[in-house]
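A quick write-up on the structure given underneath.
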2 protein chains.
Amino acid sequence: MGIELSTAKALQLWHDVSLHQVRDEEPDLSVRQLAILLTIYLEAPPHTVRGLAAKLRVTKPVITRALDSMGKLELVSRRRDEKDRRNVLVQRTVKGALYLERFADSVGRISSRV
Amino acid sequence: MGIELSTAKALQLWHDVSLHQVRDEEPDLSVRQLAILLTIYLEAPPHTVRGLAAKLRVTKPVITRALDSMGKLELVSRRRDEKDRRNVLVQRTVKGALYLERFADSVGRISSRV
DNA sequence: GATAATCGTTTCGGCCCCGGACTATTCTTG
DNA sequence: CAAGAATAGTCCGGGGCCGAAACGATTATC
């Protein structure tokens, strides 16, 4: 019921988007960072370090470091959970939403040409 | 005409594919490496270091290093151009073709669920 | 209240990538 | 044939990311 992307078109789309991403001097996110960012913005909160690590099947420091670097770019923010102060709640930001909006727009534009 | 990917579906597709890519510990390619690999396989040869660097708007060492690491994985190979021995011709390999085929298949499978 | 479990972070040594500058080789030009 | 241009590779100091392990803070268990 989905998009029905043929093999050739899938590769062409990935090629064009990757090229666009590499060329653009946007803050270059790694595959892992982008996966984390998209999970935070597309899946229902709350998001914790441990939960993200389990979902991506990576170790906790990977999440901590990615949140550090994306936090510097203000794409995400952190807040202590007051109910259980061991937890950190990862939160969305305006800049992060705009970043993904731009990204989705460029994918959409490119896909209409593939 | 193209694929007509809506903004929401574009993000969902990228999320699912990135997640799949991060989880599967396939030889982990960076965004740049994947862009180079796709360019080699989708655009018409010949491919030289200088040409790839210009197309991606990165420096030459980036291409050399990426070819080194992807060469170790046997995803691409290099050959001297006998017509002009200053040039190196980047060539496709069976493993590289299979790698991209698997990648495209997973994108196709995921897109049909988005 | 003492002990154990949980959570996020930090530390550690190692590895890879970055771009600018430089080198070696191979044409091209005059 | 000599001088310069073009090409790919290498070197260098800097920086980021990696997983395992140790750590401090907090909560749960008994």
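In the text below, chain A, chain B and the rest are named by the order of the sequence lines, each starting its count at 1.
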Nearest 0.5 Å, please: how far is OG in B:Ser6 from CG in B:Leu13? 10.0 Å

Hey, could you give me the CG/CG distance between B:Leu37 and B:Leu52, rounded to the nearest 0.5 Å? 10.5 Å

Between B:Arg23 (side chain only) and A:Lys55 (backbone N and O only), is there a donor and an acceptor less than 3.5 Å apart? yes

DNA chain D nearest-nucleotide lookup for A:Ser30 and A:Arg80: closer to the 5′ end is A:Ser30

Short side-chain N/O contact to D:dT26 OP1/OP2 from A:Asn87, under 4.0 Å: no

A:Lys60 NZ to D:dA22 P: how many Å, rounded? 14 Å

Between B:Arg92 and B:Ile40 (side chain of the first, backbone of the second, donor and acceptor by atom type, cut-off under 3.5 Å), is there such a pair? yes

Measuring to OP1 and OP2 of D:dA8, would you say a side-chain N or O of B:Thr64 lies under 4.0 angstrom away? no

More 5' along DNA chain D: B:Arg86 or A:Arg85, using each one's nearest nucleotide? B:Arg86

Hey, does the side-chain of A:Arg65 have a donor or acceptor N/O within less than 3.5 Å of a partner on the base of D:dG19? yes

Do A:Arg78 and A:Asp68 touch side chain to side chain, with heavy atoms closer than 4.5 Å? yes

Think A:Arg32 has a side-chain N or O under 4.0 angstrom from the OP1 or OP2 of D:dG19? yes

Whole-Å gap separating P (D:dT27) and NZ (A:Lys83): 12 Å

Value in whole Å for how far the C1' atom of D:dG16 lies from CD1 of A:Ile63: 16 Å

Rounded off to whole Å, could you give me the CG-to-P distance for the B:Leu52 and D:dT7 pair? 13 Å

Nearest-angstrom distance from the residue atom CG of A:Asp81 to C1' of D:dT27: 12 Å

Donor-acceptor pair, distance only, cut-off 3.5 Å: does the side chain of A:Thr93 make one with the backbone of A:Glu74? yes

Report yes if a side-chain nitrogen or oxygen of A:Gln33 is closer than 4.0 Å to either non-bridging phosphate oxygen (OP1 or OP2) of D:dG16; otherwise report no. no

Measure CG/A:Asp84 against C1'/D:dA25 and give the value in whole Å, please. 11 Å

Intra- and inter-strand pairs of DNA chain C in dot-bracket (Watson-Crick or G-U wobble, both distances under 3.5 Å; | for another strand): ||||||||||||||||||||||||||||||

Bounds of contact between DNA chain C and chain B, in 5' to 3' order, using a heavy-atom cut-off under 4.0 Å: C:dC17 to C:dC27

Should the pair A:Trp14 and B:Trp14 be assigned to parallel (<30°), tilted (30 to 60°) or perpendicular (>60°) ring geometry? parallel

Of the non-hydrogen atoms in B:Tyr41 and B:Leu75, which two are nearest, and what is the gap between them? OH-O, 2.9 Å

Indicate yes or no for a side-chain donor-acceptor contact from B:Arg80 to the backbone of B:Arg85 under 3.5 Å, with no hydrogens or angles considered. yes

Pick base, sugar-phosphate or nothing for B:Val58, based on heavy-atom distances below 4.0 Å to the nucleic acid. nothing

Calculate the interatomic distance between A:Arg57 atom CZ and D:dG19 atom P; express it in whole Å. 15 Å

What is the distance from CG of B:Leu89 to C1' of D:dA8, rounded to the nearest Å? 12 Å

At what distance, to the nearest 0.5 angstrom, does CG of B:Leu100 lie from CG of B:Leu42? 7.5 Å

Return whichever of B:Lys72 or B:Pro61 has its heavy-atom-nearest nucleotide of DNA chain C closer to the 5' end. B:Lys72

